[in-house]
Amino acid sequence: MTALIVEDEKPAARRLANLLTEVDPDIQIMATTDTIETTLEWLASNPLPQIIFMDIHLADGSSFSIFKKMKIDSPVIFVTAYDEYALEAFKVNSIDYLLKPVKKENLETAIQKYKNMKQSFVYPDLEKLGEDPLPRYKNRFVIKLGNKIKTVPIEEIAYFISKDKLSFICDKEGKSYPIDLSLDKLEGLIDPDIFFRVNRQIITHNDAITDIQTSAKSRIQLTLHPPCQIEAIISSERASLFKKWLKKE
């Protein structure tokens, strides 16, 4: 089980992490975030955890605002010192509501509840193979612009580019936004049926391709819209892979 802890008090975060390890030694804590901003940035840059343990009062506001800014499918166990937010918690993804200081037996019950819920939706054959039955890709990216945070839905992205060791999202209106992820990392977060890795500097959405021409040495030249600052040339080694990708429905 993979987990994210959202907690702004370091002693409380450490105690929860230790309790989780005692309750389930197989649990993998992917990260601990302590603010709304860092939580949004982490969720935008990493695969969703299987479960989130979340405090309500964070240093920069209420954690409920996270759900207003980003769609989160992971179940959440709220861990808080306040009992008056239980109703609001269950309006989001909450499967349990634990009061601090968390008791080990209550945490065990909450995790067992999660496992029981998960059991109802497993795909037995694939579970035996240790495979994820439903690969999950990002449906939006969160971009930090100075003191502001902007979300860019995946359907608005034309392509990703790498330039001068920096990565950028280019949307369909021609605007570009810096993103703190390499193209190699991004490639694993987006749907390969609609995005193609053109070369070391470009990953394009299929809708952004307006023209395809063959060039010397069996290479393929793409014209992208909005116009791209970098030549979208597919090498001869990747040309057959691109043609197969084009035929996907």
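- With rounding to the nearest 0.5 Å, the separation of CE in Met70 from CD1 in Ile36 is 12.5 Å.
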_Please evaluate residues Val142 and Lys69 with respect to the criterion side-chain contact (heavy atoms from CB on, under 4.5 Å), reporting the C-alpha separation (whole Å), side-chain torsions for both, the decisive distance (0.1 Å), and the verdict._
CA-CA 9 Å; Val142 177; Lys69 296 179 179 179; over 6 Å; no
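- Taking the six-membered ring for Trp and thresholds of 30 and 60 degrees, Phe195 and Phe160 have ring planes inclined between 30 and 60 degrees apart.
- Distance check: Ile190 CD1 to Ile154 CD1 gives 6.0 Å after rounding to the nearest 0.5 Å.
- What you find for Leu181 and Ser167 is that their closest heavy atoms are O-OG, 2.7 Å.
- For the pair Leu222 and Val198, the minimum side-chain heavy-atom distance is below 4.5 Å.
- In this model, a donor atom of one side chain and an acceptor atom of the other lie less than 3.5 Å apart for Thr35 and Thr38.
- Looking at Leu183 and Arg200, their side chains never come closer than 4.5 Å, going by heavy atoms from C-beta outward.
- Rounding to the nearest 0.5 angstrom, the gap separating the OG atom in Ser74 from the CG atom in Leu43 is 7.5 Å.
- With Asp96 contributing its side chain and Ile77 its backbone, the two residues share no donor-acceptor pair below 3.5 Å.
- Contact annotation: the side chain of Tyr137 approaches that of Pro192 to within less than 4.5 Å [non-hydrogen atoms, C-beta and beyond].
- When all heavy atoms of Ile220 and Lys243 are compared, the closest pair comes out as CD1-CE, 4.1 Å.
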*For salt bridge (charged side-chain N to carboxylate O under 4.0 Å, His left out), just list the numbers for Lys103 and Glu105, CA-CA rounded to whole Å, side-chain angles, deciding distance to a tenth of an Å, and then say yes or no.*
CA-CA 6 Å; Lys103 295 180 180 178; Glu105 56 268 28; 5.1 Å; no
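- Between the Gln50 side chain and the Thr2 main chain, a donor and an acceptor come within less than 3.5 Å of each other.
- Using a 4.5 Å cut-off on side-chain heavy atoms (C-beta onward), Ile66 and Leu40 make contact.
- In this structure, Phe196 and Phe242 have perpendicular ring planes: the angle between them is above 60°, well past the 30° mark.
- In this structure, the separation between NZ on Lys163 and CD on Gln201 is 9.5 Å, given to the nearest 0.5 Å.
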*Where do Asp55 and Thr80 land on the side-chain contact (heavy atoms from CB on, under 4.5 Å) test, with the steps shown first?*
CA-CA 5 Å; Asp55 192 3; Thr80 179; 3.7 Å; yes
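- Scanning both residues, Thr32 and Glu7, for their nearest heavy atoms gives CG2-O, 4.4 Å.
- For the pair Phe141 and Ile169, the tightest heavy-atom approach, listed with the atom from each and the gap, is CB-CD1, 3.8 Å.
- Sorted by first and then second residue, the pairs that involve residues 140-149 and meet salt bridge (Lys or Arg N to Asp or Glu O under 4.0 Å), not counting sequence neighbours, are Glu37-Lys144.
- A donor-acceptor distance shorter than 3.5 angstrom exists from the side chain of Thr210 to the backbone of Thr223, with no hydrogens or angles considered.
- The heavy-atom pair separating Ser45 from Leu189 by the smallest distance is O-CD1, 3.8 Å.
- Residues Tyr159 and Pro227 come closest through the heavy atom pair OH-O, 3.0 Å.
- Between Phe67 and Met54 the shortest side-chain heavy-atom distance falls below 4.5 Å.
- With a 4.5 Å cut-off on side-chain heavy atoms, Leu4 and Asn46 do not count as touching.
- Using a 4.5 Å cut-off between side-chain heavy atoms of Ile, Leu, Val, Met, Phe, Trp and Tyr, with links allowed through other members, Ile233 and Leu224 fall into different hydrophobic clusters.
- For the residue pair Ser236/Ser218, the side-chain donor-acceptor check at 3.5 Å is not satisfied.
- The neighbour count for Glu155 CD, taken as heavy atoms of other residues, nucleotides or ligands under 6.0 Å away, is above 12.
- Under the 4.5 Å side-chain contact rule for hydrophobic residues, Tyr177 and Ile179 share a cluster.
- Interatomic distance, Lys247 NZ to Lys244 NZ, rounded to the nearest 0.5 Å: 9.0 Å.
- In this structure the side chain of Lys100 reaches within 4.5 angstrom of the side chain of Val79, judged on heavy atoms.
- In this structure, Glu108 places its CD atom where more than 12 heavy-atom neighbours from other residues, nucleotides or ligands lie under 6.0 Å away.
- Side-chain contact between Ile202 and Cys228 is present, with heavy atoms from C-beta onward closer than 4.5 Å.
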*Checking side-chain contact (heavy atoms from CB on, under 4.5 Å) for the pair Phe53/Leu98: CA distance, chi angles, key distance, verdict?*
CA-CA 10 Å; Phe53 295 87; Leu98 305 180; 5.8 Å; no
*With salt bridge (charged side-chain N to carboxylate O under 4.0 Å, His left out) as the test, would you mind laying out the steps for Asp180 and Lys185 before giving the verdict?*
CA-CA 10 Å; Asp180 191 24; Lys185 178 71 173 178; over 6 Å; no
*Show the numbers, then the answer: is there a side-chain contact (heavy atoms from CB on, under 4.5 Å) between Thr33 and Leu58?*
CA-CA 10 Å; Thr33 58; Leu58 301 176; over 6 Å; no
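- Between Tyr82 and His57, the two ring planes are perpendicular [angle over 60°; tilted spans 30° to 60°].
- Looking at Asp164, its side chain never comes within 3.5 Å of a backbone N or O of Leu166 through a donor-acceptor pair.
- With rounding to the nearest 0.5 Å, the separation of CG in Asp34 from CG in Asp60 is 8.0 Å.
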